[in-house]
Amino acid sequence: MPKPRGKQRDADEAVQHSSIRWGLCCLVLDAPIKFRAATHSYVWRLSAEDRQAYLNGIALENAKALIDVLHYCKALDIRAFRISSGIFPLATHPLSGYRIEDLPDGDDVRRRLEVAGDIAARGDVRLSFHPDQFVVLNSVRPEVVESSIRELEWQAEVAEMIGADVLCLHGGSTQGGTEEATSRLIATIERLSTRARIRLAIENDDRCYSAIDLLPVCLATGVPLILDAHHHRVITGGLSIEEATDWALATWGDREPYFHISSPRDGWKGNDPRPHADYLDPHDVPEYWRAIPKLTVDVEAKAKERAVLAISRAPSG
DNA sequence: TTAAGTCAAGCAAAT
DNA sequence: ATTTGCTTGACTTAA
């Protein structure tokens, strides 16, 4: 008996799909899946040949680890995963840097990335990157801006290969004041390739940029806003979480919005509310977010997949 | 095997 | 001046 099409079924599906897509960040605790790293000071002491072999091995292993972690996410019904920026260590380093196609097993690395992309696509595991703190598009130091662009373009290239649709960055520097700094940010964003720019998203932080501070950048560039509820509670910029949410949602257009959340390690009344707790306190999830029909929320918690599973299974989680 | 020292990279705020 | 925190301590070597 085929299911009847119609308003009732659509309403049921809307309810069904209204639950938040909770995302895992970078690492897992309860499976033997490890991403390797490398340091420049070590590899630079090796011969060119040994260095290439060493980095080649790490790239191969990390591409395999990505496949494994996506299978793992699928098995646990975790449908978003943030890929560590260090998946290809030193790739954009001025001395030790390399390109995948130049590695001895570059073809295999690329094939593994394609497999990873297929797993994510078939399992509906949304992929993102979060370039780390050294990527500052509006630094007052030109060399920092240039290396930031290089890193972002590289991550965009990997993102394109595996089907990741979000590269999340913070507002960055505030040198010269917020207005001046945001115009530098806009100017640099306009220099990015289409590949990087269509994936870029900017996130409010807990020191410098509130959600409202970033809105002019979103409006000027079309880059969407990732609202971090934890950061927002530290720096509200005068907006309620509901107002900030509405603004952020508007920047995503037809795309599924992407937000972040975590709980303070020492509670909201502790000395410093910024360090992250092992788990997400369900009370910290804005009620307002629950009504959003489609939404990805990365869980930034030290307990990794245990925290993601806990909030997914929490009452009204 | 373990422990100590090291590691490419930015920035702001607290101490 | 130094430390802390950020999505995450991991890597390397000496003992």
Side-chain angles (χ1 to χ4, degrees), chain A residues 23-29 33-46 54-55 57-58 61-62 65 69 80-98 127-152 154-155 164 166-178 181 184-185 188 201 203-210 213 226 228 230-231 234-235 258-266 270-278 280 297-305 307-308:
Chain A
L24 170 65
C25 300
C26 306
L27 304 174
V28 302
L29 298 181
I33 303 170
K34 296 288 176 212
F35 289 93
R36 296 180 59 194
T39 63
H40 168 69
S41 69
Y42 173 68
V43 303
W44 198 241
R45 294 205 297 269
L46 305 174
Y54 181 84
L55 293 169
I58 291 180
E61 283 186 38
N62 283 358
V69 83
F81 181 70
R82 180 188 303 179
I83 299 169
S84 167
S85 302
I87 185 165
F88 297 116
L90 303 173
T92 62
H93 189 281
L95 296 175
S96 309
Y98 55 90
L127 300 176
S128 69
F129 284 86
H130 195 337
D132 54 11
Q133 59 268 36
F134 313 109
V135 178
V136 182
L137 295 180
N138 60 358
S139 174
V140 293
R141 295 162 53 196
E143 71 275 20
V144 172
V145 176
E146 295 312 310
S147 65
S148 296
I149 291 175
R150 207 160 51 236
E151 176 69 19
L152 200 56
W154 157 248
Q155 291 194 25
V166 169
L167 300 175
C168 174
L169 268 188
H170 290 291
S173 166
T174 52
Q175 283 280 308
T178 306
R184 289 200 302 272
L185 183 53
T188 312
E203 177 193 357
N204 62 309
D205 63 71
D206 51 14
R207 267 180 202 280
C208 309
Y209 285 98
S210 70
D213 292 330
I226 290 179
D228 185 307
H230 186 169
H231 294 165
V234 178
I235 302 184
Y258 208 126
F259 292 171
H260 292 175
I261 199 166
S262 46
S263 287
R265 184 188 61 199
D266 307 316
N271 273 344
D272 184 352
R274 291 171 301 166
H276 294 174
D278 289 347
L280 176 59
V297 180
D298 275 353
V299 178
E300 298 178 341
K302 304 284 185 188
K304 297 296 156 193
E305 76 270 37
V308 176

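Lettering of chains follows the sequences in order, A, B, ..., and the numbering in each one begins at 1. Excluded from the calculations below are hydrogen atoms, water molecules and symmetry mates; all remaining heavy atoms, backbone and side chain alike, are included.
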So, is [X] close to the [N] phosphate, meaning a side-chain N or O under 4.0 Å from OP1 or OP2?
X	N	result
A:Thr92	B:dA8	no
A:Thr174	B:dA12	yes
A:Ser173	B:dG10	no
A:Gln175	B:dA12	yes
A:Arg274	B:dA12	no
A:Tyr54	C:dT12	yes
A:His40	B:dA8	no

Original post:
With a non-hydrogen cut-off below 4.0 angstrom, is A:Cys208 in contact with a base, only sugar-phosphate, or nothing?
Top reply: sugar-phosphate
Could you tell me how far [M] sits from [N] if I compare only their [atom1] atoms? Round to whole Å.
N	M	atom1	result
C:dT3	C:dT7	P	22 Å
B:dA3	C:dG5	C1'	25 Å
B:dC11	C:dA10	C1'	23 Å
C:dG9	C:dT4	P	15 Å

Subject >> Centroid under 5.5 Å and tilt under 30°, A:Phe134 to B:dA9 >> reply: yes
Subject >> A:Arg207 bridged to A:Asp205 by N-O distance under 4.0 Å >> reply: no
Kindly point out which of [options] is positioned nearest to the side chain of [X]?
X	options	answer
A:Thr39	C:dT12, C:dT8, C:dG5	C:dT12
A:Arg207	C:dT7, C:dG5, B:dC11	C:dG5
A:Lys302	B:dA12, B:dA8, C:dT8	C:dT8
A:Arg45	C:dT13, C:dT7, B:dC11	C:dT13
A:Lys304	C:dT8, C:dC11, B:dA8	C:dT8
A:Glu151	B:dA9, C:dT8, C:dC11	B:dA9

Original post:
Which of these, A:Glu203, A:His230, A:His231, sits in a side-chain hydrogen bond (donor to acceptor under 3.5 Å, both in side chains) with A:His260?
Top reply: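 Per the side-chain hydrogen bond (donor to acceptor under 3.5 Å, both in side chains) rule, the option paired with A:His260 is A:Glu203, out of A:Glu203, A:His230, A:His231.
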**OP:** Please tell me if the side chains of A:Val166 and A:Ile226 come closer than 4.5 Å, counting only heavy atoms from C-beta onward.
**Re:** yes
Original post:
Does NZ or CZ of A:Arg82 come closer than 6.0 Å to the centre of the six-membered ring of A:Tyr258, within 45° of the ring's axis?
Top reply: no
Subject >> Nearest-nucleotide comparison on DNA chain B, the residue closer to the 5′ end among A:Val140 and A:Arg150 >> reply: A:Arg150
Subject >> Comparing A:Leu27 and A:Ala38 on DNA chain C - which has the more 5′ nearest nucleotide >> reply: A:Leu27
**OP:** Dot-bracket for DNA chain C, please, read 5' to 3', with Watson-Crick or G-U wobble pairs under 3.5 Å on both distances, ( ) within the strand, [ ] crossing, | other strand, . unpaired.
**Re:** ||||||..|||||||
